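Quick caveat, the model's predicted, so the values are computed rather than measured. Chain identifiers are assigned alphabetically (A, B, ...) following the order of the sequence lines, protein sequences preceding nucleic acid strands; residue numbering begins at 1 within each chain.
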Protein chains: 2
Amino acid sequence: MENARELFQIMTRRFGLLNKNCCSIGGNDVSLVQSHILYEVDRQHNPSMQQIAETLGTDITTFSRQVQSLIKMNLVKKTPDPQDRRVHTLALTTEGKFVATTIDMQMNDYLNEVFSYMTDFEKETVLHSVKIFNDAMAKSNKCCGPLSE
Amino acid sequence: MENARELFQIMTRRFGLLNKNCCSIGGNDVSLVQSHILYEVDRQHNPSMQQIAETLGTDITTFSRQVQSLIKMNLVKKTPDPQDRRVHTLALTTEGKFVATTIDMQMNDYLNEVFSYMTDFEKETVLHSVKIFNDAMAKSNKCCGPLSE
DNA sequence: AACATATATTTGCAACATGCAAGTAATACA
DNA sequence: TGTATTACTTGCATGTTGCAAATATATGTT
């Protein structure tokens, strides 16, 4: 387990598996993609469809349909922008906020469990490292564009 | 950007986007899932279908079909085990090895580019951190099982 | 040997996700 | 006014997914 790609490959796979499981809240069965949408809608302030789709690297047409599902599930609401009625801004409903918060808590619970196998110092080092790595990725131009933050 | 989940969410999303793009080698268009299969078949010694499917957390039926595609693309070969002819072991073809190696190189190139925005010390810290984190995840029982290594 | 049972893999099917091309609706600009 | 641009939605064709059921081989029991 020596090269960089190997380390990241394993990490992201495991993290992906985690995400896959832990997205059923109450009656709602939220897919991984949908949980990413909820996350970003929550994070950004009254984002437009385009903004979120671009952040997530999804085709806008696929995204449009995903949003339709989330609206049917009553987790997201879509409002035409009074300034420019072509754009539609997204927001979480009360239920959507609840679901997003619950997912967030579950993920943090899991991460804390993982951190419990480390010393406090290691935990801080890991968190700091991820931060450094994200910042570096954001600066990179070789791939994937800037993508928000 | 303060909580742990947030950091990991952003990181895995970006890394996922990266993976999405960089899997076209020569005439072969390899999907993300397929690149993970190539990676694991390469890593494990004459693995069975089940072994890889379980490592990757994919349903065996989906996996069976993915392998069929890879065989059609001439990247993987499947041999019935002489000891127990129910099990079929997987191996990369020469072309498959080439593709897997190329993907690996591309990913490492990208990672090195990302690392170029850090000091050497930071790079070492990040790699060490991912290693620690993977080990901790492997120990965790809350989710996702042990899953190889 | 004959039979039931267990295991490894494959196929049938139905649901869903994806992205391109083409459509609609609203704005901008000449 | 008319033409281009932008934001978003629908049609379609393709691909992925996983459950249930089928096949093929192995193992255990009588």
For atom [atom1] of [X] and atom [atom2] of [N], their distance in whole Å:
X       : N      : atom1 : atom2 : result
B:Glu54 : D:dG18 : CD    : P     : 14 Å
B:Ile60 : D:dT17 : CD1   : P     : 13 Å
A:Arg86 : D:dA7  : CZ    : P     : 6 Å
A:Asp84 : C:dC29 : CG    : P     : 12 Å
A:Asp59 : D:dC8  : CG    : P     : 13 Å
A:Asp29 : D:dG18 : CG    : C1'   : 13 Å
B:His88 : D:dT25 : NE2   : P     : 8 Å
A:Ile37 : C:dT18 : CD1   : C1'   : 13 Å

Comparing A:Gln66 with A:Arg85, nearest DNA chain C nucleotide closer to 5' gives the residue A:Gln66
Of A:Pro82 and B:Ser48, the one whose closest nucleotide on DNA chain C sits nearer the 5' end is B:Ser48
Partner of B:Leu92 under side chain to side chain contact (heavy atoms under 4.5 Å, CB included), picked from B:Leu70, B:Asp42, B:Ile37, is B:Asp42
Any [X] side-chain N or O less than 4.0 Å from OP1/OP2 of [N]:
X       : N      : answer
A:Gln68 : D:dT10 : yes
B:Gln50 : C:dT7  : no
A:Thr62 : C:dG19 : yes

Is it the case that the base of [N] and the side chain of [X] share a donor-acceptor contact (distance under 3.5 Å, atom types as modelled)?
X       : N      : result
B:Arg65 : D:dG15 : no
A:Ser31 : C:dC16 : no
A:Thr61 : D:dC8  : no

The reported gap from CG in A:Asn108 to CZ in A:Phe115 (rounded to nearest 0.5 angstrom) is 8.5 Å
Item checked: N-O pairing of A:Glu40 and B:Arg13 below 4.0 Å -> yes
(Q) Between A:Gln50 and A:Phe63, is the side-chain contact (heavy atoms from CB on, under 4.5 Å) condition met? List the steps. (A) CA-CA 9 Å; A:Gln50 299 252 3; A:Phe63 183 75; over 6 Å; no
Exercise. Does a donor on one side chain and an acceptor on the other come within less than 3.5 Å for A:Gln44 and A:Thr55?
Worked result: yes
